[in-house]
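Written below as structure tokens is the structure these notes are about.
Order of listing sets the numbers, starting from 1, for every ligand and every atom in it.
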Amino acid sequence: MDTEPLFAPVRLGAIDLKNRIVMAPLTRSRASTTGVPAVFAAKYYAQRASAGLVITEATQVSHDAMGYCRTPGVHTAEQQAVWRTVIDAVHAKGGKIVVQLWHCGRIAASINRGGGGETVAPSAIQAPGKMWTDQQGMVDHDIPRALETTEIAKIAADFANTAKAAVDLGFDGVEVHSANGYLLHQFLSSNVNQRTDQYGGSIENRVRMPLEVVTAILEKVPSDRVGVRISPGHAFNGIEESDMAELYGHYLGRLDEYGLAYLHVMRPFANKIETDPVTMARSASAGRIIACGAYTGETGAQVVASRSADAVAFGRDYISNPDLVERLRAGAALTPPHQATFYTPGEKGYTDYPAMAA
Ligand SMILES: Cc1cc2nc3c(=O)[nH]c(=O)nc-3n(C[C@H](O)[C@H](O)[C@H](O)COP(=O)(O)O)c2cc1C
């Protein structure tokens, strides 16, 4: 297996990566009910710091932005204090780390916020499916309240303020979560967004909210420390994009104007699509691209060697192989992850996957 292309250094904006192997963002639900990361998160991330870049689990920008149970935030001093230990632990091992920022929108059960806050979305349309709550087990998603036109600037400001705080704290950058059916993706979508104001309807209108989030961040954080994650065609969390090619053609063209650190392109896992989103993104953007979605060392090396992408992110393999870089270099076997502990509290299934034997 020739994985050599994955080991060349690369620069994403202002962030220098020692290799092209990226730890994908992975929600692990080990934080407190108020979004304070677990103290042992520093150990977990440091174990994975030989990646060229670590992208944190999705992290909320406000209390309202929380949808699932036990996901972290980075908007309070208490949360930031623990993140500081994570950053220091990764940097001490020569790693780079960016925080993925999200707002869940309608993919939320208010009970997961432990009270307070409100579930909001582009339109008052409930998401299909159910989600886990510690108190009541599986429950329906909330019926969201449609955001008022005037409220959107506040959400963009939450992203911007949190991004600034994160970079001031020492994160090497921020990744805006515009994928997988969460709030930004809800605005992009042709079915979840049924708005009749300037944020709904035409493609120009549906990209407006995500672009306002990005431009608000860019007023506070240099563009070469900001990445955006997209998942074109990912029919997850009830998302449809009936005009996917035109939508992303326009969205990526606009994003490309900002000179971002990178675009992170996730291939759908919930469904199959005809267009390869990585190829699509490469032709629509001049900047760096991280590809993600069911890559192996071999197919990841191929996508880099063919210059379709500049780096490759691994998700599930990073849950169970803290030393994924060393294993790919050695051609060693990978440990499969235990799905039962993906989202359970505590260190089991989190910090206890061993490195390969010396
Ligand atoms: C347990 C788990 C948690 C995830 N959490 C996030 C997340 O917080 N943010 C995100 O953008 N994607 C998330 N994803 C998607 C992964 O980042 C990745 O795109 C996906 O697992 C496909 O890559 P893989 O085939 O290498 O696992 C998650 C996936 C899994 C399995």
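- Which parts of ligand 1 touch Asn180 is read off a 4.0 Å heavy-atom cut-off, strictly below it: atoms 10 (C), 11 (O), 12 (N).
- In this structure, Arg329 is positioned above the aromatic face of Phe7, its NZ or CZ under 6.0 Å from the six-membered ring centre and within 45° of the axis.
- If you number the atoms of ligand 1 from 1 as listed, the ones under 4.0 Å from a heavy atom of Met266 come out as 19 (O).
- Using a 4.0 Å cut-off to heavy atoms of Ala58, the atoms of ligand 1 that qualify are 8 (O).
- Looking at ligand 1, you won't find any N or O of Trp102 less than 3.5 Å from one of its N or O atoms.
- The option from Thr341, Leu26, Ile55 that lies nearest to atom 29 (C) of ligand 1, judged by heavy atoms, is Leu26.
- For ligand 1 and Gly293, the ligand atoms under 4.0 Å from any heavy atom of the residue are 22 (C), 23 (O), 25 (O).
- Near Ala24, meaning under 4.0 Å from one of its heavy atoms, ligand 1 places the atoms 17 (O).
- Between Tyr343 and ligand 1, not a single N/O pair is under 3.5 Å apart.
- Nearest to atom 8 (O) of ligand 1 by heavy atom, out of Thr296, Val22, Thr27, is Thr27.
- With 3.5 Å as the limit, one finds a donor-acceptor pair spanning the side chains of Thr71 and Gln60.
- The shortest N or O to N or O distance between Arg229 and ligand 1 is under 3.5 Å.
- Comment: Glu151 does not engage Lys154 in a salt bridge, judged by the lack of any side-chain N to carboxylate O separation of less than 4.0 angstrom.
- Only one option out of Val207, Val176, Val214 pairs with Leu255 in a side chain to side chain contact (heavy atoms under 4.5 Å, CB included); it is Val214.
- Taking the charged nitrogens against the carboxylate oxygens, Lys96 and Asp172 have no contact shorter than 4.0 Å, which rules out a salt bridge.
- Using modelled atom types, one finds no donor on one side chain facing an acceptor on the other under 3.5 Å when comparing Asp64 with His103.
- At a heavy-atom cutoff of 4.0 Å, ligand 1 is contacted by both the backbone and the side chain of Pro25.
- The distance criterion of under 3.5 Å between nitrogen or oxygen atoms is not met by Glu57 with respect to ligand 1.
- Annotation for ligand 1: atoms under 4.0 Å from non-hydrogen atoms of Phe314 are 26 (O).
- For the pair Gly315 and ligand 1, the shortest N or O to N or O distance falls below 3.5 Å.
- Salt bridge status for Arg11 with Asp224: absent, with no side-chain N to carboxylate O gap under 4.0 Å.
- Counting heavy atoms of neighbouring residues, nucleotides and ligands inside a 6.0 Å radius, atom CD of Glu204 exceeds 12 of them.
- Near Gln100, with a cut-off below 4.0 Å to any heavy atom, the atoms of ligand 1 are 7 (C), 8 (O), 9 (N), 10 (C), 11 (O).
- Considering both main-chain and side-chain atoms, Ala294 comes within under 3.5 Å of ligand 1 through a nitrogen or oxygen pair.
- With respect to the salt-bridge test (charged N to carboxylate O, under 4.0 angstrom), the residues Arg70 and Glu57 do not qualify.
- Contacts of Asn237 classified as side-chain contact (heavy atoms from CB on, under 4.5 Å), with partners at least two apart in sequence or in another chain: Tyr68, Ile107, Tyr182.
- With 3.5 Å as the limit, one finds a donor-acceptor pair spanning the side chains of Ser178 and Tyr251.
- The N/O atoms of Cys292, backbone and side chain alike, include none that comes under 3.5 Å of an N/O atom in ligand 1.
- Ligand-side atoms of ligand 1 in range of Arg316: 24 (P), 25 (O), 26 (O), 27 (O), 31 (C), range being under 4.0 angstrom from any heavy atom.
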